[in-house]
Amino acid sequence: MAKLIQTLATGLQLGSVYALVALGYTMVYGIIKLINFAHGDLIMVGGYTLLYTIPMIASMGLSPWIAVVFAVVVCVMIGVLTELLAYRPVRRRGTGMTALITAMAMSLILQNLAQYLLYMTHTMYGATVKSIFPQGSISITLGHQKLSLSLATLCTIGISCGIMIALQFMVRRTALGRAMRAVSEDKEASSLMGIGVNRIILVTFVIGSALAGIASAMWFSIYPSTSPGIGSALGLFAFVSAVLGGIGSIPGAVVGGFVIGIVYSFTTSYISSGMSDAVVFLMLIMVLLFMPAGLLGKEMKEKV
Amino acid sequence: MRGEREEVKGMKKGLYLWAGLLGLVLILQLIPVNNLLFAKKIVPLVWQCCYLIIAATSLNLVVGCLGQLSLGHCGFMAIGAYTSALLSLWAQRAGVFSHKESVAYIVVVLISIVAGGLLAGLVGLAVGIPALRLKGDYLAIITLGFGMIVVNLINNLPFAGMDGLSLGSAASGLYKTGLGFSNRLLVKYLWIALLGTTGAMTLMFKFMKSRFGRNVRAIRDDEIGAAACGINVPAYKVGTFALSACLGGVAGGIYACFMSALTTGSFAFTNNGILNSTFLVAMCVLGGLGSLSGSAIAAAIMCLLNYLISQTGLNSLPGWIGLAFSYPMLIYAVVLVVIIIFMPGGLTGGREISLKAVIGKFGARLK
Amino acid sequence: MKKMSVPETTVLYRRYIEQMAAGGSPVLRTEGLGITFGGLKAVQDFNIEVYPGELLGIIGPNGAGKTTVFNLLTGVYRPSEGAIYIGDRLMNGSPPHRFVEMGIARTFQNIRLFSSMTVLENVMVAIRDHSYSLVSALLGLPQCARGEGELRRRAMELLEIFDLGDKWDTVAGSLPYGRQRMLEIARALATGMKVLLLDEPAAGMNPVETQELLSYIGRISREFRVAILLIEHDMSLVMNVCRRIQVINFGETIALGLPEEIACNKQVIRAYLGGDLAGGE
């Protein structure tokens, strides 16, 4: 029983990180129909930012939480750069397929640039990031077994739930959110209505990247080791979460993230850690085959 | 009649092609194996080009000609590679051949490659039937998942274990006995790679030029319109996907002959080489979606560039230039984005390259 | 539940139908066809009988369900009730390409040509004659080249009819709009069908092109002896071409009749002009 709850808690913790990253994927996809493969690598960018800023801030005697601000700022900068330098010009001239290749190439660029910079700055592979969360855990006694939930787990779940509710409110209730939804429905009509389409797309990238910055702090409190490729596997899982929940849908990304997190953590602790990729993808395939639009997405039919 | 004239011309062209190939094979046999430049530098490059060309072109069949994005093509290559490697190992254990210069060995190699292709094709059929009901990015993510599952499964294959496959890597031990050519054999059996490439390319060209290929292109242009012309759209989609998977498997088999050991990392979605599903799609886009000749050229160029960067000591250049060349992926990716921005149609703009047209163009320019 | 009442028909109309029925049994027939999209009945209790070689129009105001009827008749949508017969064969649930094999061909309101392929290839795709096998194509056997030549010849013949012969090498997407519509009709004809369904063929055409289209439709009907089913909301076109007309509104058939009868049918005028204005035309 304790193991079950422990696994569930880990799953929720992982899931909330996946959900935050998935939100970035889903928002960008919703608005420009592009799988932004480089989004996962923002986690890596955030991780390296934290690696340097946490000790710096700690030495100044400030709370490590401030480091998250830096991570967010750097992630937003990189995210915006990818949009301005690559996606926007390609969107103007290319097709969906070329845009997708560009996204893959941006992911490669970020990863290899990181490798290059690591070499230049003599940073070790697998250097560990300090957790920004307070140490310690809450112990609960369940019958004979003792169960301990770390504060990091609880903080992660709590904070990300808060962010998601705020985001949902923003998209549903504010003028900006309305503009975003309008652009995702029909770019041309939106621009005729006086919405600056490119500006809204940029804002979407900013929000998505900021979420990735926050998510990186959470991720590295679970798995503190950094490496240039860390973002691609995580990013893939987050993207799978977004698709599973119904891409383009914010609640969908959240549900998908939690489902993937829980499935992943249960597969790892009850079946085998080597098979978790296969299980997650098999689940995705099954869901898509029976619910082509994902769990919460709405199906679009081509008009004949 | 125009049709008959074309028919004769086409058959003649085919005849020349095969005669040329035969001649090349004969010439190859004459070059002494101990010619170092040839054996150590050129032959491995040709092998690499061959499997990359087959892999990229067969992927273009689905991505470019059929218009369905697949991000898991390396999964099929992996199936082909591991199937043929294990099959040849089994043949060796069963005593089908005793040494690697016998005719029996050649037969085993050819059968292994073909069997790898067939199994990949069957898996392609099984995956394609459900997966191709989805479109666009959904199909992309499903095929990506398929590629990961294949790698994951091979990594966990129980039966291979110590028999040559341990945790997804076919150890060099396997290559002492089964598939996998030494430098000497790479030269001697270079014709296998050339034959495979020519055969696969001919097959794809014939397919795309026939009414079947025309139907495939019709589906790419307008699925509903194609169905309204009486084309069985799902069957064509799955069939093309399976053909592409099958040839991907053949590419994998040739890859297995060339390498001295297999690891599943070579068939991942991304890795530090140019053989992965990402770069295969990149080759299709660079060559021009839907242009088989274009993707073959793009694959060859990529292969050459990669060779130049990694083998010619550019990375030992002084300063940051040399350092940049030690991370060729960075350069490739940047170049890729630049090309996509300035040449969205790729090298060919999606049309097939015919020798006649190229000569005609050059002739016009000279005048 | 209320049973739909079949609209009243005139003696003249019934006599016309009897005359058609004497020429042969219907090639395409539906019984109580209907489809529901998320609770909305887009088409209900739709009955039609298409006789060989006849020219039949389906009209109705925007959003009346005309294109949905076509999508049902060609297998794009699966009916939620009722039955479709081609000849005696029940076609419910068959995929669209089976409908083509059974002799139903169509054009689309928003043109669906293979826009990156040449004019000739567009027509060649639609020829349903399986002249050579996959094996012979892959091996490059002579019968493949011969089959290709034959397909090419037949496609050229069709193109000639529509004055597209000289354009055979043009990429379909770069043809002018009116020509694209013609090509789509040529492509539909290439399937060798018994019933041709034209979905607003005159949409977006100028008056000269519309006149040209009219003459082509007449010619197809005469030379190919196929039944033509025409959707239009341009009343004058339908009145000129069709021998009988079925009017639908809100997914239901509201009138059946000869063109001159439909032109003065109160129900139809009301459907087009709105309830209160009826009779004020």
Side-chain angles (χ1 to χ4, degrees), chain B residues 1-15 17-18 64-65 67 199-200 202-236 239-240 243 246-247 288-291 345 349-351, chain C residues 71 74-76 95-108 110-118 120-134 136-153 172-173 184 187-188 190-193 197:
Chain B
M1 262 302 287
R2 181 172 171 190
E4 272 168 43
R5 227 188 318 127
E6 281 199 355
E7 173 190 329
V8 172
K9 226 168 74 187
M11 281 170 81
K12 254 192 195 158
K13 249 194 338 210
L15 222 58
L17 181 72
W18 290 106
C65 303
T202 315
L203 209 67
M204 284 184 267
F205 272 120
K206 293 266 184 219
F207 178 74
M208 284 314 295
K209 279 194 80 172
S210 72
R211 66 184 175 91
F212 303 96
R214 200 159 44 231
N215 291 354
V216 168
R217 280 185 292 140
I219 292 172
R220 172 191 63 192
D221 276 6
D222 194 319
E223 246 173 67
I224 293 167
C229 287
I231 296 171
N232 186 345
V233 175
Y236 266 93
T240 313
L243 177 64
C246 168
L247 293 173
L289 287 171
S291 165
R351 275 178 294 277
Chain C
N71 285 338
T74 51
V76 175
H97 68 94
R98 290 286 301 144
F99 279 76
V100 182
E101 279 165 22
M102 295 299 293
I104 309 288
R106 73 175 289 183
T107 65
F108 295 88
N110 45 340
I111 302 176
R112 286 185 176 276
L113 285 173
F114 310 126
S115 48
S116 76
M117 295 163 71
T118 66
L120 183 70
E121 284 175 321
N122 263 278
V123 178
M124 282 169 84
V125 164
I127 297 177
R128 303 284 7 110
D129 180 15
H130 298 281
S131 47
Y132 58 93
S133 66
L134 180 61
S136 69
L138 291 184
L139 297 180
L141 296 184
Q143 76 217 58
C144 165
R146 216 173 297 137
E148 277 292 291
E150 174 66 16
L151 282 179
R152 192 179 279 263
R153 195 184 55 72
E184 211 188 14
R187 186 182 73 179
T191 61
M193 74 290 138
L197 280 62

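Chain naming here is simple, since letters A, B, ... match the order of the sequence lines and numbering starts at 1 in each.
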Exercise. Given the options T191(C), L138(C), N122(C), which has more heavy-atom pairs under 4.5 Å with chain B than any of the others?
Worked result: L138(C)

For this session: Give the member of A218(B), A226(B), P234(B) that has the highest number of heavy-atom pairs under 4.5 Å with chain C.
Result: A218(B)

For this session: Could you look at Y132(C) and say if it's the side chain, the backbone, both or neither that has a heavy atom under 4.5 Å from chain B?
Result: both

For this session: Report yes or no: is the cationic atom of R106(C) (NZ for Lys, CZ for Arg) under 6.0 Å from the centre of the six-membered ring of F99(C), at an angle within 45° of the ring normal?
Result: no

Exercise. When you measure from the side chain of R128(C) to the backbone N and O of C229(B), does any donor-acceptor pair fall under 3.5 Å?
Worked result: yes

Exercise. Relative to chain B, which segment of T118(C) carries a heavy atom at a distance below 4.5 Å: side chain, backbone, both, or neither?
Worked result: neither

For this session: Give the intermediate values and the outcome of side-chain contact (heavy atoms from CB on, under 4.5 Å) for residues F207(B) and T240(B).
Result: CA-CA 10 Å; F207(B) 178 74; T240(B) 313; 4.3 Å; yes

Seminar exercise, completed: With chain C, the option among I231(B), T202(B), I219(B) that has the most non-hydrogen atom pairs under 4.5 Å is I231(B)

For this session: Please identify each residue that fulfils side chain to side chain donor-acceptor pair (under 3.5 Å) with R220(B), with sequence neighbours left out.
Result: S116(C)

Seminar exercise, completed: The salt bridge (charged side-chain N to carboxylate O under 4.0 Å, His left out) partners of R214(B) (sequence neighbours excluded) come to E148(C)

Problem set entry | L113(C) versus chain B, the contacting section by heavy-atom distance below 4.5 Å | backbone

